[in-house]
Amino acid sequence: MHRALAFLALAAALAAGPAAALTPPELAKVVATIDERQRNSGDWKALCYMEAKEKGKTDVVYELVVYRRDEDDKQMFLFTKPRAEAGKGYLRIDKNLWLYDPAVGRWERRTERERIGGTDTRRGDLDESRLVEEYDAKFEADEKLGVYGVHRILLVAKPGVDVAFPQVRLWVDQATLNVLKRQELALSGRLMRTAYYPRWKKVFSPSKGADVWYPEEMRLFDEIEKGNSTLILIKEIDLRPLAANLFTKAWLESKSR
Amino acid sequence: MSIVSVEHVSKDYMLGKTVVPALRDVSLAVGKGEFLSIAGPSGSGKTTLLNLVGCVDTPTAGRVIVAGQDTARLSERALTELRLRTIGFIFQSFNLVSVLSVFQNVEFPLLLQGGQTRKERAERVLALLDAVGIAEHARHRPSELSGGQRQRVAIARALVTRPALVLADEPTANLDSETGGNIIDLMKEMNRRDGTTFIFSTHDPKVMAHASALVRIEDGRIASREDLDAARLAGGR
Amino acid sequence: MAPRRDAARVLLRIAFRNLLASPVRTGILGAIVLVGALIVVVGSSVLDSIDRGMRTSIQGSLGGHLQVYEARSEGALELYGGLRGESLLEPIEDFSKVKAVLEQVPNVKQVVPMGIDQAMVATGNAFDLALERLRGDVRRLEAGEDGPELRRDYAAHAAHVRRMVQLLRDEIAQAREISDPEGREAAERKSEWEALQRAATDAFWRDLDRDRYGSLEFLENRVAPLAMDTAFTFLRYVGTDVDAFFRAFPLAEVVKGERIPTGQRGVLVGKQYAEEWLKLKNARRLDQIKDARDRRGKRIADDEELQRWVRENRAGIREILLQLDPIRADALAQELRPALGAPAAEPLEALLGRLFAATDESFDGQYRIFYDVVAPKLRLYQIDVGDTITIKAPSKSGYFSSVNVKVYGFLQFKGIERSGIAGMMSVLDLMSFRDLYGYLTAEKAAEIRALQKSMGAREIDRERAEAELFGAADGALVGEARVAEIDEGALVKRREEERASAADLAAHVYSQEELEHGVALNAALILDDPRLLRRTEGDVRKAIADAGLGLKVVDWQEAAGLVGQFVTLLRVVLFTAVVIFFAIALVIINNAMVMATLQRVKEIGTMRAIGTQRRFVVTMLLVEIATVGLVFGLAGAALGAGVVWGIRVAGGIPAVTDLLYFVFSGPALFPRLGALAVGGSLAVVLLVAILSALYPALIAMRVTPVEAMATED
């Protein structure tokens, strides 16, 4: 299987033409650029749509606001639609992930691996990109993804760093350095999830003084439970500074009272 | 008029796939009150003949008429009924029902016949036991009696229904000669007293001598028939 | 008929005498028949009693007499759960319609709506719970409330948390000595330790009031995760109209607390469930030791399981220490010292160690001290009467739903209190059940569709995703966006009536109409006369068909699922055993009779020769064997009755497992001798005896009079 994949990759690389392999410094630069382009030094607020499809079940859909304050490693989700879900939220502080349900007025401690709102989304999908910090990169091949020329890069988690997936494989657009495809693998190499990012948007960030890139559309396919998939759309971005006390339980509680 | 009429009777047995003829074209008539002895060596067919006359077997060919009935035409049930009402049996090895007392053994055919009160039965049974000389053993089981005594009981049983015909298959073969003699005397006495027809098989010349007629069988055929009474009368003994 | 009677008399005489004539053979046949009858009588008496016990348990706890559920359901109704969890039932959308129709069926007394499911109950780890209490106080203080009582609570709760921090620090300090400080996650461990050290300082607690929320967040996010405890448990419940439930199931009773008031939300937690899963582990183990000693005559000295419990109790002291704030901990230590005869300075931990170090001699005293002195200061059950618990379940619409319900009491079923099958079940009000069930209403479905449409979400086939997304260089790959202003305040506008606070919901009294007009998963039917069950079942079926309700009807036994099949299983086992036994018996009796017949060929031939009909001979043989069957069968049945009586006198068959407890409908089974069992056993042994005599009878029938003639020379 692996050999077959490698062979296919090799064939693809040859087909892609004479594009040379990335040298280690080039590779490091590519990965750093991916992080850098998505980084926003200030606060971040996005209005998102999330849709989970599961075989034999009705779709689960949400509208939610995602908050980030990257320097403090804080993150919050506030669900706004459908009506019955409005006011529910997740609050992440360090390694703690809290779930709040206004219907019962209680906080529940969840794990970092929580499937957000019962979908296939992990909190990391909506977090800042930290590839340099978390992974060691290895160039695999240059090849084609659809009509686009891409670098295929394998990332392996650095020792001692706690990440959701110990191995990640990226297909990076050679022209724009946007990630187009991402495979997430278990330690054993088993494919867990495949993600596609077909549309990237940039927006000028005053705090960063440069453009911030974000994937407008994310498609997550569960490779274990085949047939399950999740779609995330980032509809709007708001880069104004957030209230200082926003990433607290008290703030989230106040939003649904 | 004869009580038994055997007309051109043959009887074959199957021994594996071979047919063994036991009787070949035998004809015989037995008149009422006869005391007929059938004699012949072992395997000569005398038991077969007795079986046919006794309605316990049916011929392969020919007719056996007992008490005016053609046995070949009777059902198994009817044959059984005929045996019960018309024929008494005396066996070589006595064949008493071991779990019944002497009295009950003799009473047995009467019970099968039915139609009599207990008193009537008792009178008849006791009279017969008296007649055969073992009244004092009425309550004993057959196993407590000697061979001769047992055969007396068997005679009583055979006679208790007052049958027209009594068949005895080697009745003395299992007895010493003295006892055997006594048994034949008893049978003869009964024959005389009630006029009951007796047919018995034997190969004991002493026993044959008591017969009124003697039929000899050899190889399934009747070799001779002698009228001993007539001979005796003629002989002036 | 006189001839017949004479013949019959001699026939019987011969038959009986034959039996007596061979006592050994008769004895062997008799013994077989006797044992057979004994097995059948005892077995069927026990089974009938089990059947009765099951009936009591199932009908009295959940089953009723009949159950109806949606015919389109994928799975079958299994009231007590199946191998693969809860039954997959389609909902009955409007229970009131079902009720209206079924109540009209003759002999139907009551129709009880039900919905059985399992859900998660967050119990929180001890640390989280203590922090949650403190947060409750902080919330009120920050909102401007004040008063001596609130201040007292606040101080006590804070002291409790502080004590927990100290206990946790001691514990982790020990662990640190063992673990490798230079390991992979050393940096993380170090930062954790620092956080813990900080939370244990006086300064931290002195400054608590300066930044209450900040301090709480620090404790919640940096300290509490270090205390690894289970944080939730699963509750199995039946959502029902509570009043109707208690009317329908006379075995149900509230043992602690009270019933859920009519029309209100609430839960009655299964007592046995509470004992096994919610009780403080140390208390539970003490109960188990006591039970093992008192009821099963076990001794700590020579039973490994009991010794293990004692060991675990000594290790479980931490759980008790965590529960006590400093004031109560001191008070407890003071009371324990004289009770245990301990030296004046002995600390609480050592005192508890002394308390739980039980031997056979000291156990009863220690048990009393625990319940008299320690228990009143503890929270014995994670969920207790008076609490409000949060139940969370994945709803049928795909979203998680949570409800808060008050625990009004503990529930048990009379007679089967200790059964884990019925005793695990809790009773939940129907409205809360429906919230958790989260049936996707047309309204909700429309809202979801509208949202999907407004977002312009496009579905993509997994197999062709890459071609569709990256197949054309259409310039969609990159684009420019403008910042927007997102106002979550406007987005999270919930309708006024939906903002009903938890307190409002808890106090709300729902009308009978509201209760009945809505989703249920199944309904129990209680009959006036259970003996007419089959007829009523037919009537109910007809009524459902006539009204076009599309429901499936099952009887209580089928509804009980796996548990209900237990009796069937036992029946199969007994039946198989009996069949095997009698098959062997048949062969033995047959053989013996064939031998007996062959021995009697001459006698039978003689009888046939002197005028006995075949029928007579056959009848004689059958009478012989039937006599054996009847006499020894009766003796066996009598012996069986004696055994049944003996079992009752000896205290019944003890229910050693939960399943048996349920099946026996009590702690022991008292089998009752049934006329049917005795009659049945006689019928069976007679039948077998006669069957086994058929072949010998055939042989006897074929004996010809010629056999009598056969000479022996």
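Labels below follow one simple rule: chain letters A, B, ... track the order of the sequence lines, proteins then strands, and each chain is numbered from 1. What you see is a predicted model, and the numbers here were worked out from it, not measured in a lab.
Interface residues of residues 25-42 of chain C toward chain B, defined by a heavy-atom distance below 4.5 Å: none. Taking non-hydrogen atoms and a 4.5 Å limit, the residue list of residues 14-21 of chain C in contact with chain B, ordered by number, reads C/Ile14, C/Arg17, C/Asn18, C/Ala21. Proximity to chain C among residues 71-78 of chain B is limited to B/Glu76, B/Arg77, judged by heavy-atom separations below 4.5 angstrom. Applying a 4.5 Å heavy-atom cutoff, the residues of residues 610-632 of chain C that approach chain B are C/Ile610, C/Gly611, C/Thr612, C/Gln613, C/Arg614, C/Arg615, C/Phe616.
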| field | CA sep, side-chain torsions, deciding dist, call: B/Phe108, B/Leu96, side-chain contact (heavy atoms from CB on, under 4.5 Å) | value | CA-CA 10 Å; B/Phe108 186 54; B/Leu96 298 176; over 6 Å; no
| task | Check the pair B/Leu79, B/Thr58 against side-chain contact (heavy atoms from CB on, under 4.5 Å), reporting the backbone distance first and the verdict last. | result | CA-CA 10 Å; B/Leu79 279 176; B/Thr58 47; 4.3 Å; yes
| side chain to side chain donor-acceptor pair (under 3.5 Å) evaluation trace for B/Gln92 with B/Asn174 | CA-CA 6 Å; B/Gln92 179 185 339; B/Asn174 285 6; 3.3 Å; yes
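You'll find the ring centres of B/Phe200 and B/Phe35 inside the 6.0 Å limit.
Ranked by heavy-atom pairs under 4.5 Å with chain C, the list B/Arg85, B/Glu107, B/Gln116, B/Arg141 is led by B/Arg141. Comparing B/Ser98, B/Pro109, B/Gly88 by how many heavy-atom pairs each has under 4.5 Å with chain C, the most go to B/Ser98.
More than 12 non-hydrogen atoms from other residues, nucleotides or ligands lie less than 6.0 angstrom from CZ of C/Arg9. Heavy-atom neighbours of C/Phe581 CZ from other residues, nucleotides or ligands within 6.0 Å: above the threshold of 12. More than 12 heavy atoms of other residues, nucleotides or ligands sit less than 6.0 Å from atom CG of C/Leu569. Remark: B/Asp70 CG is packed, more than 12 non-hydrogen atoms of other residues, nucleotides or ligands lying under 6.0 Å away.
Rounding to the nearest 0.5 angstrom, the gap separating the CZ atom in B/Arg216 from the OG atom in B/Ser44 is 11.0 Å. Interatomic distance, B/Ile217 CD1 to B/Thr47 OG1, rounded to the nearest 0.5 Å: 9.0 Å. Rounding to the nearest 0.5 Å gives a distance of 9.5 Å between OG of C/Ser45 and CG of C/Leu47. How far OG1 of C/Thr597 is from CZ of C/Arg600: 6.5 Å, rounded to the nearest 0.5 Å. Here the CZ atom belonging to B/Phe89 is positioned 7.0 Å from the SG atom belonging to B/Cys55, to the nearest 0.5 angstrom. Considering CD of B/Gln151 and CD1 of B/Ile90, their distance stands at 6.5 Å, rounded to 0.5 Å.
B/Ser101 contributes a side-chain N or O that, together with a main-chain N or O of B/Gln104, makes up a donor-acceptor pair within less than 3.5 Å. Of the possible donor and acceptor atoms, none in the side chain of B/Thr86 sits under 3.5 Å from a partner among the backbone N and O of B/Arg83.
Salt bridge annotation for B/Lys46-B/Glu170: present, with a cationic side-chain nitrogen under 4.0 angstrom from a carboxylate oxygen. Ion pairing of C/Asp51 with C/Arg55 is present here, as a side-chain N (NZ or NE/NH1/NH2) and a carboxylate O approach within less than 4.0 Å.
Contact of B/Thr161 with chain C is not made at all, since no heavy-atom distance falls under 4.5 Å. Neither the backbone nor the side chain of B/Ile87 comes within contact range of chain C; no heavy atoms are under 4.5 Å apart.
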